[in-house]
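Working notes for the structure below.
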Amino acid sequence: MTGPLVPFREVVLKVHSRCDLACDHCYVYEHADQSWRTRPKTISDEVIFRTAQRLAEHAKTHALPSVSVILHGGEPLLAGPARLRRVCEELTAAFDGVAALDLRIHTNGLQLSPRYLDLFCEYDVKVGISLDGDRTANDRHRRFADGRSSHPLVLRAVELLRQERYRHLYLGLLCTVDIRNDPHAVLDALTELEPPLIDFLLPHATWDDPPLRPDGSPTAYADWLLAVHDRWQEQGCPVPVRIFSSVASTLNGGPSLTESLGLAPTDLVVVETDGRLEQVDSLKSAYEGAAATGFDVFSHPFDEVAAHSGVRARQLGLAGVSETCRSCPVVRSCGGGLYTHRYASTEEGDGFDNPSVYCQDLAALVRGIEARTPVYAVAPAVTDPGELLAAQEDLTRTLLARLHADLDGRGGAPWAAAWELAGVLEGSPEGAGALDSVLAHPYARTRLLDALDALHEERPDAVDGAVDGVRALLAAAVVRAGLDGLRAPVSLRDGEVVLPSVGRLTVAGPDGNGTVLLRAAGGGFLVAPPAGGPERRIRHTGTAEPGWLPVRAFAAPGDLPGGGFVIDDLDPYRDCFAAPAATLDAASAERLGAALAAARALVEERAPAFGAACADLPFVFTPLTGTEPGEPQVGRHGYGALGIGADERADTLALALLRGVRRARIRALTDVTDLYAADGSWDHRMPWGEELVPFSRLLSETYERIALAAFDARYRDGVAQALDALEGAAELTIGGKHLLALMRKEF
């Protein structure tokens with residue numbers, strides 16, 4: 001087994017090995033492994049002490065921030081209050097100063113009383129209770145040995161937990177599914193008890209001992225759970241349901257929230273009452289000794305258990321599921337199912353190298369929840385260009401707020417003054433609009449990212465650089481807003497001041513450094529030099545004059561007022577591109593601007609839908625050197641920055657424009673939402689070549705090629721096959737599937 005050792009973050013501690021119920025679906029007493037018969041009934045002082053020491057040692061070795069310990073059985077309350085107090089005391093003492101301790105207990109609730117709950121309040125032990133629904137459902141399995149119902153006593157326990165003084169201990173309800181029960185009645189009975197969480201569990205089964213299917217349906221368990229899901233949605237989703245939340249999370253690119261689903265490595269170990277260390281308890285359903293490791297807390301650290309081959313087998317993620325599962329589109333969500341449920345006895349001994357015995361149920365459940373996910377749950381940026389632009393602007397503002405938080409006062413008076421100026425700008429419509437425009441300029445994002453990197457890397461000039469960068473953004477906003485009388489200090493570096501999205505001003509010689517003051521005045525601005533003396537006046541921000549060079553704006557035919565694009569060959573942060581060209585002279589800039597406008601017009605003529613997309617955003621073009629014509633760059637900038645070779649042929653620039661717009665858009669989408677997950681776990685063949693590529697590249701190149709095909713039919717080859725490959729891929733999230741649907745419409 002390869003890969004790093006995964007430390008245990010969750011420990012099931014068996015404090016009592018017997019139970020006061022005789023549930024006929026219990027994996028401990030009713031399934032293949034009967035080792036409980038040889039265990040001590042109650043955990044001893046020695047086992048408690050050694051477990052606490054070993055676990056604290058493990059947490060310290062791996063610098064774990066927290067560890068969960070679940071008190072379990074049998075029925076853990078049968079251990080009695082004194083024994084449970086000893087467990088809590090030893091664990092709390094061992095973890096003091098090492099890691100946070102999350103104590104929990106899973107119980108049938110029959111013995112629960114204020115005496116126990118007062119103890120649990122003292123040590124903050126959260127309580128989960130097993131309850132299979134209404135009385136009819138619960139009595140199907142959860143009865144006393146003499147057949148009596150346990151339901152009234154369980155309800156009494158839940159009502160105790162719901163009291164105000166104990167409510168904070170209420171962890172939730174665990175319900176084992178039986179498809180013979182009425183799914184609506186089960187959910188109604190559980191939600192009526194207002195649990196913080198409901199956890200539906202599939203009954204433990206293997207290929208040797210398959211689950212009950214009265215009507216033979218291969219999706220009976222999915223159908224039952226989806227009926228619960230529909231009722232739950234009708235009720236307004238009043239309570240979190242772990243299995244539904246987990247599927248929704250993985251469908252949207254997030255992690256699994258339960259061991260029984262998803263590809264996350266297991267991080268759980270079991271300590272039996274005699275101190276033996278075992279794998280997850282559910283393995284007892286497979287065969288005698290399936291959970292055994294041969295280790296115990298007296299002789300072995302937890303790291304030895306973590307390195308055990310059986311434990312490692314459940315930490316391999318995608319590599320640990322069967323070949324059938326690896327090629328299945330829903331494997332990210334189902335994860336091949338619970339490891340136990342894959343077991344089938346074989347002579348070769350590879351009994352877990354199978355799909356889950358609930359395979360078809362899990363696939364139907366994932367697809368059913370996906371189909372029931374409302375459209376509004378998908379990020380609006382996927383379908384609405386305006387929402388994407390707004391999300392990008394929010395992202396840049398978030399970076400500015402994060403920079404303020406990370407500086408944490410280190411910027412001193414200059415930063416305080418800058419932050420105050422930002423508040424003044426936000427306080428007027430003109431100022432807020434101007435600040436929005438400046439922050440929308442792609443190199444504003446680059447400034448903020450560079451400042452954050454410098455702080456986190458603890459560069460010597462990090463604080464001064466952060467102040468300089470934000471001062472420049474605010475000064476540009478002051479000039480754009482035209483708010484007379486508002487002064488903005490801005491740093492002078494090497495004799496120049498750069499106002500992002502506005503232009504570059506030469507104030508002094510190349511050795512000139514310091515601070516100048518700017519203030520707006522009549523369509524231009526005034527500059528007070530650092531050494532004093534009369535203010536210098538720039539009459540109009542959009543007109544070049546000695547020492548002042550504006551960012552050059554252009555319009556294509558048919559652009560609305562305020563539309564168009566700019567060529568920014570001035571901003572020093574354009575060096576995030578590989579080889580930015582030197583500042584163009586006026587004639588060269590005019591020729592490039594005219595060629596770009598002609599390219600825009602050509603796109604609108606030959607691919608009207610994509611021409612409109614090119615006009616949706618005021619793109620910022622930065623000329624590059626040594627770049628192949630027609631191949632734009634999309635660097636580490638905000639939305640809209642495109643690096644292009646200074647080629648003046650409209651047809652070449654039209655292709656570059658189409659490529660650049662699509663590259664910029666899909667990059668911007670991945671900034672604000674998850675279109676795919678587990679990228680690189682599978683290889684995909686590019687239909688227009690033999691190369692094997694990760695999903696992200698297949699998606700981005702197909703997205704780009706659709707636009708090129710609208711402009712030139714030669715690019716249509718392979719697009720249909722690529723769309724089919726994307727649709728069958730496991731990596732796609734719900735948001736990615738919505739994007740794929742739009743791509744099909746475009747094609």
Side-chain angles (χ1 to χ4, degrees), residues 1-12 58 61-62 64 68 202 204 206-207 246-247 249-251 253-270 277-287 289-295 300-346 348-359 362-363 366 676-684 692 694-696 729-731:
M1 305 280 178
T2 59
L5 182 144
V6 177
F8 296 118
R9 291 175 172 82
E10 190 169 318
V11 178
V12 173
H58 187 68
T61 297
H62 297 283
L64 300 180
S68 292
L202 291 172
H204 289 313
T206 67
W207 289 103
S246 182
V247 172
S249 174
T250 53
L251 284 172
S256 170
L257 307 177
T258 171
E259 185 201 7
S260 61
L261 298 172
L263 293 168
T266 182
D267 56 3
L268 180 146
V269 65
V270 177
L277 293 162
E278 297 202 336
Q279 301 179 63
V280 63
D281 243 14
S282 63
L283 285 171
K284 296 179 186 296
S285 301
Y287 58 88
T293 66
F295 301 127
H300 306 94
F302 278 99
D303 274 14
E304 286 196 44
V305 190
H308 183 273
S309 59
V311 175
R312 299 284 277 166
R314 294 184 294 115
Q315 297 177 340
L316 296 176
L318 186 65
V321 302
S322 71
E323 183 62 34
T324 301
C325 294
R326 283 195 289 275
S327 60
C328 177
V330 303
V331 69
R332 273 196 312 104
S333 291
C334 80
L338 190 69
Y339 194 72
T340 300
H341 298 165
R342 306 174 198 172
Y343 180 73
S345 56
T346 64
E348 293 79 11
D350 58 350
F352 294 98
D353 188 23
N354 306 292
S356 169
V357 72
Y358 290 104
C359 176
L362 294 174
V366 171
Y676 49 83
D679 188 42
S681 297
W682 294 266
D683 288 329
H684 302 272
L692 291 175
F695 180 87
S696 55
E731 295 95 326

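Bear in mind that the values here come from a model prediction, so they are computed numbers and not experimental data. Counting from 1, the numbers follow the sequence of the chain as shown.
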Heavy atoms of R312 and A307 approach each other most closely as CG-O, 3.6 Å
The side-chain contact (heavy atoms from CB on, under 4.5 Å) partners of L692 (sequence neighbours excluded) come to D683, R685
The ring-ring contact (aromatic ring centres under 6.0 Å, His included) partners of F695 (sequence neighbours excluded) come to Y676, H684
Item to complete: May I ask you to decide if E10's main-chain N or O and S68's side chain share a donor-acceptor pair within less than 3.5 Å?
Response: no
Sorted by chain and number, sequence neighbours left out, side chain to side chain donor-acceptor pair (under 3.5 Å) with T250 holds for S333
I'd like to know if the side chain of W207 reaches the main chain of G351, judged simply by a donor and an acceptor atom lying under 3.5 Å from each other, with no hydrogens or angles considered. no
Residue set satisfying ring-ring contact (aromatic ring centres under 6.0 Å, His included) with F302, at least two apart, ordered chain then number -> H58
For S356 and G337 the tightest heavy-atom approach is CB-CA, 4.1 Å
Here the gap from L283 atom CG to E278 atom CD, rounded to the nearest 0.5 Å, amounts to 9.5 Å
Residues 324-343 vs salt bridge (charged side-chain N to carboxylate O under 4.0 Å, His left out), sequence neighbours excluded, gives E323-R326
Here the gap from D353 atom CG to Y343 atom OH, rounded to the nearest 0.5 Å, amounts to 13.0 Å
For T258, the side chain to side chain donor-acceptor pair (under 3.5 Å) test, sequence neighbours excluded, returns S260
For E259, the salt bridge (charged side-chain N to carboxylate O under 4.0 Å, His left out) test, sequence neighbours excluded, returns R314
Sorted by chain and residue number, the side chain to side chain donor-acceptor pair (under 3.5 Å) partners of H300 (sequence neighbours excluded) come out as none
Residue pairs passing the ring pair (Phe, Tyr, Trp, His ring centres under 6.0 Å) test with at least one member in residues 314-336, sequence neighbours excluded, are none
Sorted by chain and number, sequence neighbours left out, side-chain contact (heavy atoms from CB on, under 4.5 Å) with P694 holds for D679, S696, R697
The reported gap from NE2 in H308 to CG in L5 (rounded to nearest 0.5 angstrom) is 13.0 Å
From the list L202, T206, N354, side chain to side chain contact (heavy atoms under 4.5 Å, CB included) with H341 holds only for L202
Review point. Within a strict 4.5 Å, meaning less than it, do heavy atoms of the V269 and F295 side chains meet?
Key: no
Nearest heavy-atom approach of G335 to V321 is O-CG1, 3.5 Å
Side chain to side chain donor-acceptor pair (under 3.5 Å) filter on S681, not counting sequence neighbours, yields none
Rounded to the nearest 0.5 angstrom, the NE2-CZ distance for H62 and R9 is 9.0 Å
inquiry  = Applying side chain to side chain contact (heavy atoms under 4.5 Å, CB included) to T266 and Y339, what does each step give before you reach the verdict?
reply    = CA-CA 10 Å; T266 182; Y339 194 72; over 6 Å; no
Closest non-hydrogen atoms of V305 and V311, given as atom of the first, atom of the second and distance, are O-CG2, 3.4 Å
> Is any side-chain heavy atom of L362 closer than 4.5 Å to a side-chain heavy atom of V330?
Replying inline: no
Taking every heavy atom of C325 against every heavy atom of G336, the minimum-distance pair comes out as SG-CA, 4.0 Å
V331 and L263 have their tightest heavy-atom pair at O-CG, 3.9 Å
